[in-house]
Amino acid sequence: MKLRFYLLDVTYEIVGREPHIIMWGIDEEGNRIVLRDRSFRPYFYAILDENTNASEVKHRIQRLSKPRSPIISVNEVAKNYFGEQVKALRITTVIPETVREYREEVKRIQGVRDVLEADIRFSMRYIIDHQLVPCGWHVVEVEQIPLSPQYKNRVSAEYLVKSPPQPLSVEEIKPPSLRILAFDIEVYSKQGSPRPDRDPVIIISVMNDKGEVKIFEAEGYNDRKVIQGFVDYILEYDPDIIVGYNSNRFDWPYLVERAKYLGIRLDVGRRKDSTPTTSVYGHVSIAGRLNVDLYDFAEEIHEIKVKSLENVADYLGVMKKSERILIEWYQIPEYWDDPKKRELLLKYAEDDVRSTYGLSEKFLPFAMQLSMITGLPLDQVGAASVGFRLEWYLMRSAYLYNELIPNRVERPYEPYTGAIVLEPKRGVHENIAVLDFSSMYPNIMIKYNVGPDTLVRDPSICEQYGCWKAPEVGHRFRKEPPGFFKKVLETLLKLRKEVRSKMKEYPVDSVEYRILDERQRALKVLANAAYGYMGWVGARWYCREGAEAVTAWGRQTIKKAIEIARSLGLKVIYGDTDSLFVTYDEAKIKEFIRRVEQELGFEIKVDKIYRRVFFTEAKKRYAGLLEDGRIDIVGFEAVRGDWTEIAKEVQERIVEIILGKGNTKEAIEYVRKVIKELREGKIPLEKLIIWKTLSKKIEEYGVDAPHVVAAKRMIEAGYQVSKGDKIGYVIVKGSGKLSSRAYPYFMVKPSDVDFNYYIDHQVIPAALRILGYFGITEKQLKATVSGQKSLFDFFAKK
DNA sequence: GCGAAAGAGATACCC
DNA sequence: ACGGGTATCTCTTTCGCG
């Protein structure tokens with residue numbers, strides 16, 4: 001029978017001595033099902049040296065066969081490898097785990113140049129080879145089989161696959177009605193970071209797609225029923241997708257450990273007796289369900305500096321901070337122990353899970369599109385970095401083009417020259433247009449056929465086919481035939497164009513429009529990642545010369561554009577990589593755009609127009625007033641996460657005053673007022689916290705930077721800090737190095753704060769960065785409102 | 001031996 | 001665990017003077 005189904009996840013299991021591909025899915029009636037394919041076998045390739053007798057190697061390989069997992073076949077196949085046609089041997093065996101062993105043995109055989117595609121997980125191999133689309137619909141020829149107790153799957157039906165599924169994702173873009181469950185845990189820990197062998201899970205809050213919210217609560221410090229209640233709830237509701245916030249790194253590992261300690265089985269999957277396990281890219285895998293950590297997607301929003309759940313929910317309009325209960329993590333015990341405050345903690349847990357659910361509505365549609373395009377199951381696609389996401393798309397494409405997938409090899413890092421940044425014309429400029437090249441690097445890669453397979457090492461080849469030669473660096477690329485990256489990028493851009501035109505068929509507020517919009521975004525993200533990927537030493541398709549050539553062509557292109565602009569009498573104020581800031585003269589700009597497209601062959605567009613824009617002498621930093629009255633601040637302290645809120649607030653306000661009214665006096669008065677408030681201790685502590693990321697393990701630091709010292713104090717107090725954590729610290733009164741006065745913010749009393757530091761090293765520098773240009777000095781800012789210096793200043797200087 | 005200057009290390013930004 | 005270019009902070013070492 002034929003069956004249409006929506007694919008959630010692909011795994012495999014060994015039954016007897018046979019690998020079974022397991023597909024978790026949903027049929028058209030909404031039944032949760034399992035599809036079992038017994039016919040797929042793991043394989044890899046060997047490519048041979050020239051003049052090697054293939055049949056002899058073939059025989060040698062066959063002789064390696066072991067009964068435990070025999071080599072079923074060794075077939076000679078024609079493949080492409082870095083633009084060359086090669087003959088390869090495809091070696092097929094039975095048990096996926098034995099591929100690695102065979103690979104090592106085959107590698108040692110004389111005449112074998114390399115062994116390829118032996119490091120691709122069996123379930124991903126299946127997805128690639130059948131071009132399956134996770135989070136997409138398929139049709140498959142199946143035969144129903146009884147729900148055997150041996151398989152222990154919590155589904156409505158099981159099917160045996162007769163012939164592999166075929167994707168239907170083009171016709172059918174809407175998912176079925178999916179059951180989604182958001183959850184969040186609160187842990188009681190009085191001394192430092194929570195430890196599963198000591199600290200109970202006091203609250204687990206859940207919310208599902210029907211809007212149902214449930215709060216599981218511990219009895220005092222006994223958390224057995226909380227965890228058991230949560231497990232039962234999952235099994236009863238049977239969600240397809242489970243979402244959490246930081247759940248891969250905290251909630252799930254904690255629950256697993258805690259349950260182990262309590263002797264509770266965290267049996268939450270669709271496969272009986274399975275527990276969540278940490279797997280590839282650090283994601284937590286739950287059998288038959290898609291466990292998604294929304295933090296992974298929040299990480300990509302650069303506008304949010306401290307990516308706490310409440311900040312992200314606030315930023316995305318999911319739940320405003322002002323409309324929810326806020327409790328700091330270190331206050332949890334206090335709220336739990338006080339009967340009057342406990343209600344608030346429960347409400348806080350509810351707000352957290354509502355926020356988490358809200359975030360899933362923001363992120364899942366994009367994640368699902370990314371999953372469909374790259375072929376990575378939804379639970380992995382978020383956890384995978386941009387480079388790996390693109391790489392899976394490339395691997396998928398390679399299969400279609402009959403290209404062998406290169407191995408991941410360790411290489412030394414080799415730097416190369418990047419883009420141009422122009423020296424800005426300092427000062428305030430009126431009416432400035434910002435022009436951007438559209439997708440500059442992807443288009444360079446396409447135009448000049450850049451990639452590892454088109455790179456020409458022997459220039460004599462160019463006489464025959466013709467080559468593009470990169471300026472400055474001289475790398476050459478074959479003009480024909482189109483290389484791997486060119487084909488992939490053209491496909492991505494073509495698909496995006498198609499999606500964007502299809503969007504027009506739907507109302508802006510329709511489900512279809514949203515899906516297509518997320519799809520075109522995902523396609524763009526992947527296309528834009530190609531250049532960076534090519535220059536990444538960890539990439540399978542690494543090509544330093546290619547990346548170096550792309551930036552060289554980029555530099556040439558923008559230089560030529562500047563020439564054209566100047567020849568038209570447009571003044572160039574600034575530019576960075578693919579953008580130019582020029583005087584806004586409509587007619588000339590129109591002509592400029594036309595000439596750039598004609599002479600350079602790249603599209604350039606007006607991105608925005610500043611009524612007024614301000615530059616200091618520094619590159620990558622400016623502030624502009626847009627036509628609609630909004631203010632853009634780029635690069636300055638106001639947009640940096642490692643400056644205090646108060647300094648950023650002051651700088652932002654100054655920019656508003658200066659660009660809006662041009663009134664320096666008002667700006668000075670404002671700064672003085674803030675300084676006065678700081679002296680009087682009227683600025684709340686939250687606005688004085690400096691947040692800095694710990695970019696390596698604490699013991700690896702050679703110098704005692706303030707955030708490192710603050711982190712060490714946290715460790716001393718029993719908190720765990722790890723690489724990647726953001727440390728929030730405050731500078732307290734005292735003498736000596738700044739770092740010796742840096743304390744974690746939650747250990748500081750407001751009266752200990754060194755307001756002089758905040759005046760001299762935060763507010764004044766941030767204010768002067770802008771006001772300094774207008775001739776205003778530190779002295780002017782520090783004078784008190786009444787105009788005289790205080791005794792404090794006198795002593796502070798001494 | 002001392003203070004200033006230069007260098008090193010670190011972080012977060014821009015595109 | 002996608003690229004290089006850039007500004008700017010704090011800590012540490014070196015420099016220049018005498």
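All chains are named by letter (A, B, ...) in the order of the sequence lines, taking the proteins before the strands, and each is independently numbered beginning at 1. Remember, predicted model here, so these are calculated numbers, not experimental data.
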**Q.** Near-strand residues of residues 543-562 of chain A, defined as heavy-atom separation under 4.0 angstrom from DNA chain C
**A.** none

Side-chain ion pair, [X] and [Y], N-O less than 4.0 Å:
X: Arg741(A); Y: Asp754(A); answer: yes
X: Asp760(A); Y: Lys782(A); answer: yes
X: Glu518(A); Y: Arg521(A); answer: yes
X: Arg389(A); Y: Glu300(A); answer: yes

Check every strand shown and say whether [X] touches a base, only sugar-phosphate, or nothing at a heavy-atom separation below 4.0 Å.
X: Tyr281(A); result: nothing
X: Tyr393(A); result: nothing
X: Arg389(A); result: nothing
X: Tyr413(A); result: sugar-phosphate
X: His302(A); result: nothing
X: Gly387(A); result: sugar-phosphate
X: Gly635(A); result: sugar-phosphate
X: Trp643(A); result: sugar-phosphate
X: Tyr701(A); result: sugar-phosphate
X: Asp436(A); result: nothing

Measure from [atom1] on [X] to [atom2] on [N] and round the result to the nearest Å.
X: Lys608(A); N: dC14(B); atom1: NZ; atom2: P; answer: 11 Å
X: Lys305(A); N: dA12(B); atom1: NZ; atom2: P; answer: 10 Å
X: Arg769(A); N: dC13(B); atom1: CZ; atom2: P; answer: 15 Å
X: Leu694(A); N: dG9(B); atom1: CG; atom2: C1'; answer: 14 Å
X: Ile301(A); N: dC13(B); atom1: CD1; atom2: P; answer: 14 Å
X: Ile727(A); N: dA12(B); atom1: CD1; atom2: P; answer: 11 Å

Q: Using the test side-chain contact (heavy atoms from CB on, under 4.5 Å), find all partners of Val306(A) that sit at least two apart in sequence or belong to another chain.
A: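 For Val306(A) the side-chain contact (heavy atoms from CB on, under 4.5 Å) partners, ignoring immediate neighbours, are Asn311(A), Trp691(A), Lys726(A).
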
**Q.** Short side-chain N/O contact to dC13(B) OP1/OP2 from Lys619(A), under 4.0 Å
**A.** no

Q | Short side-chain N/O contact to dC15(B) OP1/OP2 from Tyr622(A), under 4.0 Å | A | yes

**Q.** Given DNA chain C, 5'-ward residue of the pair Lys723(A) and Thr616(A), judged by closest heavy atom
**A.**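 Of the two residues, Lys723(A) wins.
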
Q | Start and end of the DNA chain C segment that chain A contacts, any atom under 4.0 Å from a heavy atom | A |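 So the contact region on DNA chain C extends dA1(C) to dT12(C).
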
Q. Got a sec, which pairs hit salt bridge (Lys or Arg N to Asp or Glu O under 4.0 Å) with one end in residues 412-421 of chain A, sequence neighbours left out?
A. Glu414(A)-Arg544(A)

Q: Determine which pairs satisfy side chain to side chain donor-acceptor pair (under 3.5 Å) with at least one residue from residues 728-740 of chain A, sequence neighbours left out, and list them in order.
A: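 Those involving residues 728-740 of chain A do not exist here.
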
Q | side chain to side chain donor-acceptor pair (under 3.5 Å) contacts in which one or both residues fall within residues 438-450 of chain A, not counting sequence neighbours | A | Ser438(A)-Glu603(A)

(Q) Against Asp119(A), only a single residue in Arg540(A), Arg100(A), Arg125(A) fulfils salt bridge (Lys or Arg N to Asp or Glu O under 4.0 Å); can you say which? (A)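 The single option meeting the salt bridge (Lys or Arg N to Asp or Glu O under 4.0 Å) with Asp119(A) is Arg540(A).
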
**Q.** Within 45° cone of Tyr295(A) ring axis and under 6.0 Å: Lys307(A) NZ or CZ
**A.**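 Output no; distance or angle outside limits.
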
